[in-house]
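Quick caveat, the model's predicted, so the values are computed rather than measured. Start at 1 and go down the list; that is how both ligands and their atoms are numbered.
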Amino acid sequence: MLKETVNFIRSTFKTQEDFIPLHEPRFVGNEKKYVLDAIDSTFVSSLGKYVDQFEEMMCEITGAKYAVATVNGTNALHLALILAGVEANEEVLTQPLTFVATANAISYCNATPHFVDVDKDTMGLSPSLLKKHLDNIAEIKEGKCYNKITGKRIAACVPMHTFGLPIYMEELIAICNKYNIPVIEDAAESLGSYYKNKHTGTFGLMGTFSFNGNKTVTAGGGGAIVTNDYNIAKRAKHLSTQAKTPHKWDYKHDEIGYNYRMPNLNAALACAQLEQLEFYVKNKRELSDLYFTFFKEFKEINLIRETADSTSNYWLNAVLLNDEKARNEFLEFTNSNGVMTRPIWGLMNNLKMFKNCPKGDLSNSDWLEKRIVNITSSVRI
Ligand SMILES: *Cc1c(COP(=O)(O)O)cnc(C)c1O
């Protein structure tokens, strides 16, 4: 079964010997042309036409009214949390099963992540378990939500669409609305993923994206905040450019800002990549279908698939193994045979920085952590 898996991945990626990475970028479009053009224009930093073009393309793709380009996905999240009004000594709800950047960004605000369990099918924040948890521990005072146990304000909720699989967004928004908690979607992994035909990242107050080298579309490094709120978008751009007020020559700043704006050089790469997003997602969805047909033969390996109302970009394909031992054997065999696979992240609440953070029952996350493995998912050219 393990041998068949390695052989199948090798035949799918048409290489019998070479090392096969988990996910590698492809540059077969206008990447070189646009990057060279950015260099020739001398606008390589945060001003330039590709930054504007990138933001327009992000609006077109996601359907959001506004998009603001940032240096990476982590600081897009940081900025979004600030814009949502998260302050020191407050709590931000999120899932323990995520990449560390989600929890780190919350910490940059001197706020504390508050971990709530995921659903087993989406591997993302569970609306029903969030409701149960909030009904237990939360209260509303003067229109704001507080944790009755810690006495701290619950200032925001950051769900994450794990590996591109959309979570149950409508249900999540309904619960957060009930408790007056603004939602910021960490859509770093879900560019090109839809829930009920609406792009992920556009359900909450803001959504954030990443254009890191391992993501579906890369800028080398890059991020974006999308929102339908004009004032938030305006302030996002302002804060990401050192809060400099417009003036022909003078330095005037009206609050503490950040140097978080995406450089034009990276935006040039991102624009060329975004032009290929549709092709990438189609290619990835076909790969998921191929895996699905293949793994159907084996009861011990289950491919994770999108839920009924969602369309996943299948950024990283994932398989569910029977237990931790089977998971370790799978990782050992594939990696020692030149096919890179990787376990899902360790839970955030087990990291020493976050081990004392408030949390609900995390049984589903614990269960998934021991069983999920990512398998080769690059676009096949
Ligand atoms: C990649 C990623 C980020 C951070 O993006 P960077 O661009 O690497 O800073 C944030 N959250 C999640 C879930 C990610 O996968």
Side-chain angles (χ1 to χ4, degrees), residues 22-25 51 54 58 67-82 84 92-109 113 115-116 118 122-125 156-167 169 172 183-193 200-201 204 206-226 236 240 258-263 265-267 269-270 273-274 284 304 312-318 342-349 351 353-354 365 368-369 372 374 377:
L22 189 66
H23 194 277
E24 54 183 347
V51 182
F54 168 80
M58 281 302 289
V68 177
T70 64
V71 183
N72 57 51
T74 310
N75 62 35
L77 259 179
H78 179 206
L79 203 52
L81 289 162
I82 294 171
V92 175
L93 300 162
T94 192
Q95 59 207 58
L97 202 59
T98 184
F99 180 55
V100 71
T102 318
N104 279 343
I106 294 166
S107 308
Y108 299 164
C109 300
F115 299 112
V116 176
V118 299
T122 65
M123 299 186 287
L125 196 61
C157 177
V158 184
M160 197 278 283
H161 304 285
T162 303
F163 308 140
L165 297 162
I167 69 161
M169 261 338 277
L172 187 93
V183 173
I184 298 167
E185 290 172 73
D186 183 349
E189 306 184 352
S190 63
L191 183 68
S193 296
T200 53
M206 283 169 268
T208 63
F209 292 88
S210 164
F211 299 87
N212 190 21
N214 65 345
K215 295 291 175 3
T216 301
V217 162
T218 186
I225 299 174
V226 300
S240 69
Y258 301 85
N259 184 9
Y260 277 2
R261 190 91 171 132
M262 182 190 280
L265 205 52
N266 296 87
L269 188 61
Q273 288 261 293
L274 283 178
K284 283 171 164 296
I304 304 286
S312 176
N313 64 5
Y314 288 114
W315 168 54
L316 288 184
N317 280 286
R342 195 170 63 185
I344 197 166
W345 317 280
L347 303 188
M348 292 302 110
N349 53 294
L351 296 177
M353 312 81 84
F354 303 121
S365 301
L368 288 165
E369 183 195 24
I372 295 286
N374 287 125
S377 297

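Ligand 1 lies within reach of G222, whose nearest heavy atom is under 4.0 Å from it.
No donor-acceptor pair closer than 3.5 Å links the side chain of K284 to the backbone N or O of N313. Within the 3.5 Å criterion, the main-chain N or O of S377 finds no donor-acceptor partner in the side chain of W315. Under a 3.5 Å cut-off, the side chain of H78 and the backbone N or O of A105 do not form any donor-acceptor pair. Although no hydrogens or angles enter the test, the distance criterion places no donor-acceptor pair under 3.5 Å between the side chain of S210 and the main chain of G223. At distances below 3.5 Å, at least one donor-acceptor pair connects side-chain atoms of S193 with backbone N or O atoms of G164. Listed for the H161 side chain is a donor-acceptor partner under 3.5 Å among the backbone atoms of I167. A donor-acceptor pair under 3.5 Å links the side-chain atoms of N374 to the main chain of N317, judged by distance alone.
Side-chain N/O atoms of T162 and Q95 include a donor and acceptor closer than 3.5 Å.
Looking from atom 5 (O) of ligand 1 to the surrounding protein, the closest heavy atom is S210 OG, 3.1 Å. Protein heavy atom nearest atom 15 (O) of ligand 1, with residue, atom name and distance: E189 OE2, 2.5 Å. In this structure, atom 9 (O) of ligand 1 lies nearest to the protein heavy atom T74 OG1, 2.5 Å.
Heavy-atom proximity to A101, at under 4.0 Å, picks out these atoms of ligand 1: 3 (C), 4 (C), 10 (C). The atoms of ligand 1 that sit less than 4.0 Å from any heavy atom of M160 are 13 (C). If you number the atoms of ligand 1 from 1 as listed, the ones under 4.0 Å from a heavy atom of F99 come out as 2 (C), 3 (C), 12 (C), 13 (C), 14 (C), 15 (O). Ligand-side atoms of ligand 1 in range of N72: 7 (O), 9 (O), range being under 4.0 angstrom from any heavy atom. Residue contact check: N212 has heavy atoms under 4.0 Å from atoms 7 (O), 8 (O) of ligand 1.
Some N or O of K215 is nearer than 3.5 Å to an N or O of ligand 1, by distance alone. The distance criterion of under 3.5 Å between nitrogen or oxygen atoms is not met by F211 with respect to ligand 1.
With a 4.0 Å heavy-atom cut-off, ligand 1 is reached by the side chain of D186 but not by its N, CA, C or O.
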